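Keep in mind the model is a prediction, meaning the values are calculated, not measured. Below, read A as the first sequence line, B as the second, and so on, with proteins coming before strands; counting in each chain starts at 1.
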There are 2 protein chains.
Amino acid sequence: MNSDFTLAIHSLTLLALQPGRMATSDVISESAGVHPVRIRKVLSLLKRNGFIKSKEGTGGGFIFAIDLSEVNLWDLYKITCKGTLQPKCPESNEQCIVGANMHKVLFTIFLGAEEHLGEFLKEYSLKEVVDLINQER
Amino acid sequence: MNSDFTLAIHSLTLLALQPGRMATSDVISESAGVHPVRIRKVLSLLKRNGFIKSKEGTGGGFIFAIDLSEVNLWDLYKITCKGTLQPKCPESNEQCIVGANMHKVLFTIFLGAEEHLGEFLKEYSLKEVVDLINQER
DNA sequence: CTTACTGTAATGATAAACGTTACAGATTGA
DNA sequence: TCAATCTGTAACGTTTATCATTACAGTAAG
């Protein structure tokens, strides 16, 4: 699983816990333990998809653009790592019945698998994640 | 997704299509487009789990040990890439509420996700895969 | 006893993931 | 207007994971 996905969840959770206030990539990166540039890259994606807003310059940073309960983990998965489940087959032998057709068969199966995973991830909105974090305290 | 998983499926499908006959790692590797040693490594795993038998020496190779319909994709997933779904979090900041607890929360969620995926993969026995390959011809 | 296999360790090459530097553009406040 | 503080992104370097390859011991057949 792509770590962009978990970084997205982590960042948004942090934003959720300080509603109305901007968080800088430095602050978020310190919490997540990665480089600020990676945070900006991931949040740049989230911004393009309308989940957050950003502001440059002094006092700038990132802030939620929509309601917590409107974002679920499947949304984030789709943005950050769609296709991760899809197995990367090496180029197999087209002369062989198995080699020639395995790729297509697996592709179909894993498309279904990802959709199935989606049904599970849709059940978790960021609100649920935030609640779970709060429970851990 | 780990390619060991697809190699396992590929190899077993090939074995399934020539029941009663041994297949060498060379033949399988040619079909799958990878190095024979990789095939032997993956099949070594499958052997340890009782799905196939192997025989060394002239005329040796690999052959099914159980019935096609007794092996499903979840079995193979568990052997070859259990935990793949689990996101690798970088070590986050323990001083931060989010950093300190995110790992545990995500772990729980993804454990559920993998189980959910399992329910889907259990629906595909190797027999189904073989049938799909045959349909493609 | 040679040939044809599996089994596995060890090493090397390639690719993906990630960190880091660098700098342009935006905004604020002095 | 100028310095300080942010985002946004490209470019480059480093580390890690994946995979190929070599090497060789062990086993079975003829």
### Message
Run Lys47(B) and Ser54(B) through side chain to side chain donor-acceptor pair (under 3.5 Å) and show every step you take.
### Response
CA-CA 7 Å; Lys47(B) 185 189 174 185; Ser54(B) 70; 3.0 Å; yes
### Task
Apply salt bridge (Lys or Arg N to Asp or Glu O under 4.0 Å) to the pair Arg38(A) and Asp4(A), showing each step before the final yes or no.
CA-CA 9 Å; Arg38(A) 273 200 75 202; Asp4(A) 281 4; 3.0 Å; yes
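Contacts between residues 2-11 of chain A and DNA chain D, counted as heavy-atom distances below 4.0 Å, involve no residue at all.
Using bins of under 30°, 30° to 60° and over 60° for the plane-to-plane angle, the ring pair Phe120(A)/Tyr124(A) lands in the tilted bin.
Within the nucleic acid shown, Lys47(A) comes within 4.0 Å of sugar-phosphate atoms alone, with no base atom in reach, counting heavy atoms only.
Taking the six-membered ring where the residue is Trp, the centroids of Phe64(A) and Phe51(A) are separated by 6.0 Å or more.
One interatomic measurement links the two molecules: CD1 of Ile63(B) to P of dT6(C), which rounds to 13 Å at whole-angstrom precision. At whole-Å resolution of the value, CG in Asp26(A) and C1' in dG19(C) are 14 Å apart. Rounded to whole angstrom, the span from the CZ atom of Phe62(B) across to the P atom of dC5(C) amounts to 12 Å. Rounded to whole angstrom, the span from the NZ atom of Lys53(B) across to the C1' atom of dC5(C) amounts to 17 Å. Spacing between atom NZ of Lys41(B) and atom C1' of dT6(C) amounts to 14 Å, rounded to whole angstrom units. With rounding to whole Å, Met22(A) atom CE is found 18 Å from dT5(D) atom P. Nucleotide dT7(D) holds its C1' atom 11 Å from the CD1 atom of Ile52(A), rounded to whole Å. Remark: C1' of dA17(C) and CZ of Arg38(A) are 7 Å apart, rounded to the nearest angstrom.
Of the two residues near DNA chain D, Arg48(A) and Gly60(A), the one whose nearest nucleotide lies more 5' is Gly60(A).
Between Ser25(B) and Arg40(B), the closest side-chain pair of non-hydrogen atoms falls below 4.5 Å.
When distances run from any side-chain atom of Thr24(B) to the nucleotides dT6(C), dC6(D), dG19(C), the shortest one goes to dT6(C).
More than 12 non-hydrogen atoms from other residues, nucleotides or ligands lie less than 6.0 angstrom from NZ of Lys78(B).
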## Note on the structure
Reading nucleotides 21-30 of chain C from 5' to 3' and marking B where a protein heavy atom lies under 4.0 Å of the base, S where only the sugar-phosphate is that close, and - otherwise, the string is B---BBBB--
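Judged purely by distance below 3.5 Å, without hydrogens or angles, the side chains of Asp26(A) and Thr24(A) never pair a donor atom with an acceptor atom. Under the 3.5 Å distance criterion, with hydrogens and angles disregarded, a donor-acceptor pair is assigned to the side chains of His10(B) and Ser31(B).
How far CG of Leu76(B) is from OG of Ser125(B): 10.5 Å, rounded to the nearest 0.5 Å.
Look at Ser54(B) and you'll find a side-chain N or O under 4.0 angstrom from OP1 or OP2 of dG7(C).
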